[in-house]
Amino acid sequence: MNQIDVSVQQGARQYVACREIGISIRTLQRWKSEDGVRVDERTQRHETPANKLTAEERQTVLEVVNSPMYAHLPPSQIVPMLADEGRYIASESTLYRILREEGMLAHRRSERPAKVRAKPRAFCATGPNQLYSWDITYLPTTTRGVFFYLYLFMDIFSRKIVGWQIYESESSEQASEVLKDLCRREGIGKDQVVLHSDNGAAMKGSTMLATLQTLGVMPSLSRPSVSNDNPYSESLFKTLKYRPCYPVNRFDSLAKARDWAEKLVDWYNHQHRHSALSFVTPAQRHAGQDQAILEQRIAVYERARSEHPKRWSRSIRSWKYVEEVHLNPDKPTQKENQNPTKENTRNAA
């Protein structure tokens with residue numbers, strides 16, 4: 001404030017002097033009291049409160065809250081217990097503040113240490129029958145609390161549903177039967193496919209694990225309670241359940257549920273044009289027909305632009321062939337490898 005006064009006396013404009021120091025004229029006026037006494041009211045100033053605990057008092061607080069009697073209790077329990085003993089060391093809010101500053105404000109009871117959950121291995125598929133994903137979803141029945149279970153296996157590269165079945169229960173034995181059937185139909189050999197799933201009981205059951213080992217299929221599991229680790233199956237279930245043909249009423253028999261699923265899978269594989277695959281059907285991509293289809297679309301658009309060039313302000317629509325599909329990508333700093341059956345790879349789900 002003295003510097004501003006000196007600047008003004010030497011001919012500077014007051015608002016310019018305030019701007020150079022970093023305050024406004026209104027701030028300068030507010031800092032000046034009516035009796036001429038100048039008061040520093042900057043918010044960034046640091047002052048020591050008069051009622052601050054001394055170092056000895058702070059140490060006493062830490063010793064009390066970490067003593068065997070109180071180490072498992074929060075301050076809300078410690079304060080009244082100390083009062084019943086006729087002791088007062090600090091307020092409840094002060095205890096919380098000190099514990100927070102010391103990094104001790106957490107669950108204070110004895111607990112099992114948290115486990116470090118590593119991200120699942122990253123995989124990259126460059127063709128069909130390399131990387132599968134599967135999951136189980138509930139289908140409501142007319143009996144309250146009773147569900148049918150839709151087992152769904154999909155090829156992540158082509159998005160084709162390669163195997164499915166509906167059962168009245170959820171078990172690894174039934175999942176194993178679906179897996180054996182699809183491997184036989186798709187001609188899957190040993191060490192050819194990686195099968196990714198979540199951590200459900202059916203996925204980790206002994207029968208399913210034994211079947212995977214027998215078939216030579218490498219398992220991959222998501223982290224517990226992390227749906228993002230299995231995004232393709234989760235997205236597929238939403239696509240299927242939000243179809244207009246999804247029944248308004250609940251299923252009253254297993255046969256009707258299977259009939260609905262059969263029609264839905266046929267639509268998804270042979271009619272649904274997938275947005276992530278440049279709008280070709282999963283069946284077309286699984287059969288290797290998508291590249292020719294996309295090249296034909298490019299030719300159609302190039303011909304249309306040549307006939308009416310003024311209608312095209314930019315290049316034609318992109319019908320790019322998707323060469324790779326990734327699952328659970330590593331961060332850019334992590335090592336990359338594009339072989340889905342051997343090493344981790346970067347994924348762009």
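All heavy atoms count here, side chains included; hydrogens, waters and symmetry mates do not. None of the values given here were measured: they were computed from a predicted structure.
Sequence neighbours left out, the pairs with a member in residues 247-268 that pass ring pair (Phe, Tyr, Trp, His ring centres under 6.0 Å) are Tyr246-Trp260, Phe251-Trp260, Trp267-His272, Tyr268-His272.
When each of Trp164, Trp134, Tyr167 is tested with Val178 by the rule side chain to side chain contact (heavy atoms under 4.5 Å, CB included), just one qualifies, namely Tyr167.
Expressed to the nearest 0.5 Å, how far OH of Tyr132 lies from CG of Leu195 amounts to 9.5 Å. Within the model, atoms CZ of Arg258 and CG of Leu139 stand 11.5 Å from one another, a figure rounded to the nearest 0.5 Å. Here the straight-line distance linking atom OG of Ser222 with atom CD of Glu234 works out to 8.5 Å at 0.5 Å rounding. To the nearest 0.5 Å, the span separating NE2 on His286 from CZ on Phe157 amounts to 10.0 Å. Taking CG of Asn249 as the start and OG1 of Thr142 as the end, the distance is 10.0 Å to the nearest 0.5 Å.
For the pair Glu170/Phe147, no side-chain contact is recorded, criterion being any heavy-atom separation below 4.5 Å from C-beta on. In this structure the side chain of Tyr96 never reaches within 4.5 angstrom of the side chain of Glu101, judged on heavy atoms. For the pair His270 and Thr281, the minimum side-chain heavy-atom distance is 4.5 Å or more. In this structure, Ile78 and Val65 have side chains that are in contact, with non-hydrogen atoms separated by less than 4.5 Å. Side-chain contact check for Leu131 versus Leu327: some heavy-atom pair is nearer than 4.5 Å. Between Glu168 and Phe148 the shortest side-chain heavy-atom distance falls below 4.5 Å. When side chains are defined from C-beta on, Pro120 counts as touching Arg223, because their heavy atoms get closer than 4.5 Å. Using a 4.5 Å heavy-atom cutoff, the side chains of Met218 and Leu212 are not in contact.
Side-chain contact, Thr214 with Thr211: no donor N or O sits under 3.5 Å from an acceptor N or O. If you check the side chains of Gln284 and His274, you find no donor sitting under 3.5 Å from an acceptor. In this structure, a donor-acceptor pair under 3.5 Å is absent between the side chains of Ser169 and Ser171.
When every heavy atom of His196 is checked against every heavy atom of Ser220, the shortest pair comes out as ND1-OG, 2.8 Å. Scanning all heavy atoms of the two residues, the minimum distance from Val64 to Tyr70 falls at O-CD1, 3.4 Å. The nearest pair of heavy atoms linking Leu152 to Leu240 is CD2-CD1, 3.5 Å. A pairwise comparison of heavy atoms in Leu277 and Ser158 identifies CD1-O, 3.4 Å as the closest pair. Across every non-hydrogen atom of Lys320 and Leu294, the tightest pair is O-CD1, 3.8 Å. Of all the heavy atoms in Asn66 and Ala71, the pair that sits closest is O-CB, 3.8 Å.
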Original post:
Going through the distances and angles, do His326 and Phe123 end up as a side-chain contact (heavy atoms from CB on, under 4.5 Å)?
Top reply: CA-CA 6 Å; His326 301 266; Phe123 297 100; over 6 Å; no

**OP:** Kindly determine whether Glu173 and Thr207 satisfy side chain to side chain donor-acceptor pair (under 3.5 Å), including the steps that lead there.
**Re:** CA-CA 6 Å; Glu173 290 79 7; Thr207 303; 3.2 Å; yes

Subject >> Derivation and outcome, side-chain contact (heavy atoms from CB on, under 4.5 Å), residues Val61 and Thr94 >> reply: CA-CA 9 Å; Val61 169; Thr94 299; 5.8 Å; no

**OP:** Verify side-chain contact (heavy atoms from CB on, under 4.5 Å) between Arg243 and Leu264, making sure each step is shown before the conclusion.
**Re:** CA-CA 9 Å; Arg243 283 285 298 157; Leu264 192 62; 3.8 Å; yes

**OP:** In sequence, state the C-alpha distance, the side-chain angles, and the governing distance for Ile98 and Leu105, and then conclude on side-chain contact (heavy atoms from CB on, under 4.5 Å).
**Re:** CA-CA 9 Å; Ile98 293 176; Leu105 190 58; over 6 Å; no

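For Asn328 (side chain) and Asp229 (main-chain N/O), a donor-acceptor pair under 3.5 Å exists by modelled atom type. Within the 3.5 Å criterion, the main-chain N or O of Glu92 finds no donor-acceptor partner in the side chain of Arg97. Judged by distance alone, the side chain of Lys160 and the main-chain N or O of Arg285 form no donor-acceptor pair under 3.5 Å. Not a single donor-acceptor pair under 3.5 Å links the side chain of Glu262 to the backbone N or O of Asp259. Between the side chain of Asn269 and the backbone N or O of Ile161, at least one donor-acceptor pair lies under 3.5 Å. Here the side chain of Ser176 pairs a donor or acceptor atom with the backbone of Ser172 at under 3.5 angstrom. Put simply, the side chain of Ser133 never gets that close to the backbone of Ile156: no donor and acceptor are under 3.5 Å apart. Under the 3.5 Å distance criterion, the side-chain polar atoms of Gln130 are left unmatched by any main-chain donor or acceptor of Val194. Without hydrogens or angle criteria, Asn230 side chain to Ser197 main chain gives no donor-acceptor distance under 3.5 Å.
Cation-pi geometry between Arg297 and Phe279 is not met at under 6.0 angstrom from the ring centre and within 45 degrees of the axis. A cation-pi geometry, defined here as NZ or CZ lying under 6.0 Å from the six-membered ring centre and within 45° of its normal, does not hold between Arg159 and Tyr232.
Under the 4.5 Å side-chain heavy-atom criterion for Ile, Leu, Val, Met, Phe, Trp and Tyr, Met69 and Val79 are members of the same hydrophobic cluster.
The environment of CD in Glu85 is crowded: more than 12 heavy-atom neighbours from other residues, nucleotides or ligands sit within 6.0 Å. The number of heavy atoms from other shown groups lying within 6.0 Å of CD (Glu102) is above 12.
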Can you give the donor-acceptor pairs under 3.5 Å from side chains of residues 6-15 to other protein atoms, not counting sequence neighbours?
{"residue": "Ser7", "atom": "OG", "partner": "Gln3", "partner atom": "O", "Å": "2.9"}

N/O donor-acceptor pairs under 3.5 Å from side chains in residues 16-27, not counting sequence neighbours:
{"residue": "Ser24", "atom": "OG", "partner": "Thr27", "partner atom": "N", "Å": "3.2"}
{"residue": "Ser24", "atom": "OG", "partner": "Thr27", "partner atom": "OG1", "Å": "3.0"}
{"residue": "Arg26", "atom": "NH1", "partner": "Gln29", "partner atom": "OE1", "Å": "2.8"}
{"residue": "Thr27", "atom": "OG1", "partner": "Arg30", "partner atom": "NH2", "Å": "3.4"}

